[in-house]
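Inspection log for the structure reproduced underneath, given as structure tokens.
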Amino acid sequence: MERYWNKPAETMDRGHIREIQLEKLRATVQNVYSNVPYYREKMQAKGILPGDVKTLDDLSSLPITTKQDLRDTYPFGLFAVPMEDIVRIHASSGTTGKQTVVGYTRRDIDMWAECMARCLVMEGADKSSRIQVSYGYGLFTGGLGAHYGAEKLGAVAVPASSGNTRRQITMLIDFGVTHLCCTPSYAMNIAETLADMGHTKDDLKLVSGCFGAEPWSSAMRAEIEARLGIRAYDIYGLSEIMGPAVSHECSRQNGLHIWEDCFIAEITDPDTDLPVPEGGAGDLVITTVSKEGFPLIRYKTRDICTLNTQPCECGRTHARMSKPAGRTDDMLIIRGVNVFPSQIESVLLSIGEVQPHYQIVVDRVNNLDTMTVEIEISETMFTDNVKGIEEFEKKVGGQLNSVLGVGAKIRLVEPRSIARSEGKAKRVIDNRKI
Ligand code: DLL
């Protein structure tokens, strides 16, 4: 039987969800208009007053917020409460520019823990669970976000953070951990280290894992599930909006339920920002309607997905987003063809002999983009004859070409030669930007 953390909230009918969203949206818009000069000016520039938001459809008339707006107001310019009411700060890593800072009130932290607890129950956790949190603790939201959810649930939280992978395995085994939270690439690293240490999945009590913070393919899911003997669930979130637990998969694993009593999701055209008809793919745009410290209106996540509001067999009524294929800003344009690293992963993992460790190197030679996919092969394959390797490279190259529509050079590399991830994996090295 399906279990819920907060059944009334998770299963209310969609009409009720929309009523709650409208009421909270109006309060949020009034709040930012009164308390965040940056928003007030943007709304004034569009000639909109808070009272103009009368229906949910009016949302689309409000200005879009982008990462650049967060940078322009760095560090605290979009906070909607005095600093005395902020109890925590998180920040994005800043790998693609200046870092962005997000503030939380005590109530925001509580709402976040509520969303995370709902997610953990969706994958079968309860009070008796032992949850190892191997997302990094710190300014990154993964560690503390998952941790507070586990505590809210009343489970045992094991704040492992990331790194020191052998010690992670010892804790998993000795503490009888039942649920693991980390990035999917770190889960693969943990699985590999488990075997290196002479253990098997039977030494674990793990039943499920809550993996997110980076795109990962269904093929990667199957690989992790087989190696760790668990069910692997996808969790999505971003620091600007909250952190992990904006959405999560239920047992049907057919999309990630977005907590719509806290967030309003729209799909828009990445170029024009205009709404895309229901079911169409586009940029996920999120408005927070339950946050006090750092409310965001129509935040353009740059994550590409679709939305589905059809009833789900699990009984939850909250809309489902498809597994994000990747960010528009991570999308590679190779000789004019759009390529997501996750597409490459799906093709590679559908080919038996390939290990789920790969890297994509993009370069420009004589004004022409080149893409080389470096892939690890198994020990046995590596000792095979050269001709076998050449043929194999050709086979992989052919399959990639037919799926991506653009040629890639394949380079098979020695087992264990690609750096293992402890957090978000770095899949792409784009030398064109240097
Ligand atoms: O990655 C928050 C998080 C922590 C989510 C732990 C899930 C688990 P940021 O560092 O701000 O926050 O990165 C957010 O990561 O816009 C997506 O592009 C990507 N991302 C997050 N979850 C997924 C996922 C955290 N499940 C950015 N699938 C987002 C694909 C994801 N991409």
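All residue numbers refer to positions in the sequence shown, counting from 1. Indexing begins at 1, ligand by ligand and atom by atom, following the structure's order. Since the structure is predicted, the reported quantities are computational estimates derived from the model, not experimental observations.
Among protein heavy atoms, the minimum distance from atom 19 (C) of ligand 1 is reached at Ala213 O, 3.8 Å. In this structure, atom 13 (O) of ligand 1 lies nearest to the protein heavy atom Lys424 NZ, 2.9 Å. At the shortest separation from atom 11 (O) of ligand 1 among protein heavy atoms lies Ser239 OG, 2.6 Å.
Heavy atoms from both the backbone and the side chain of Leu238 come within less than 4.0 Å of ligand 1. Residue Ser92 does not touch ligand 1, judged by heavy-atom distances below 4.0 Å.
Note: Tyr233 and His248 have parallel aromatic rings, judged against thresholds of 30 and 60 degrees for the angle between ring planes.
Of the listed options Glu214, His248, Met242, Arg302, Glu214 places a heavy atom closest to atom 32 (N) of ligand 1. Nearest to atom 17 (C) of ligand 1 by heavy-atom distance, out of Asp303, Thr100, Asp330, is Asp303.
In this model, a donor atom of one side chain and an acceptor atom of the other lie less than 3.5 Å apart for Glu192 and His357.
Lys42 has a carboxylate O that lies under 4.0 Å from a charged side-chain N of Asp69, or vice versa, which qualifies the two as a salt bridge.
How far CG of Leu144 is from OH of Tyr137: 6.5 Å, rounded to the nearest 0.5 Å.
Proximity to Phe140 (heavy-atom distance under 4.0 Å) selects the following atoms of ligand 1: 1 (O), 4 (C), 10 (O), 25 (C). Near Gly212, meaning under 4.0 Å from any of its heavy atoms, are these atoms of ligand 1: 7 (C), 8 (C), 26 (N). Short contacts between ligand 1 and Gly142, defined as distances under 4.0 Å to a heavy atom of the residue, involve ligand atoms 4 (C), 6 (C).
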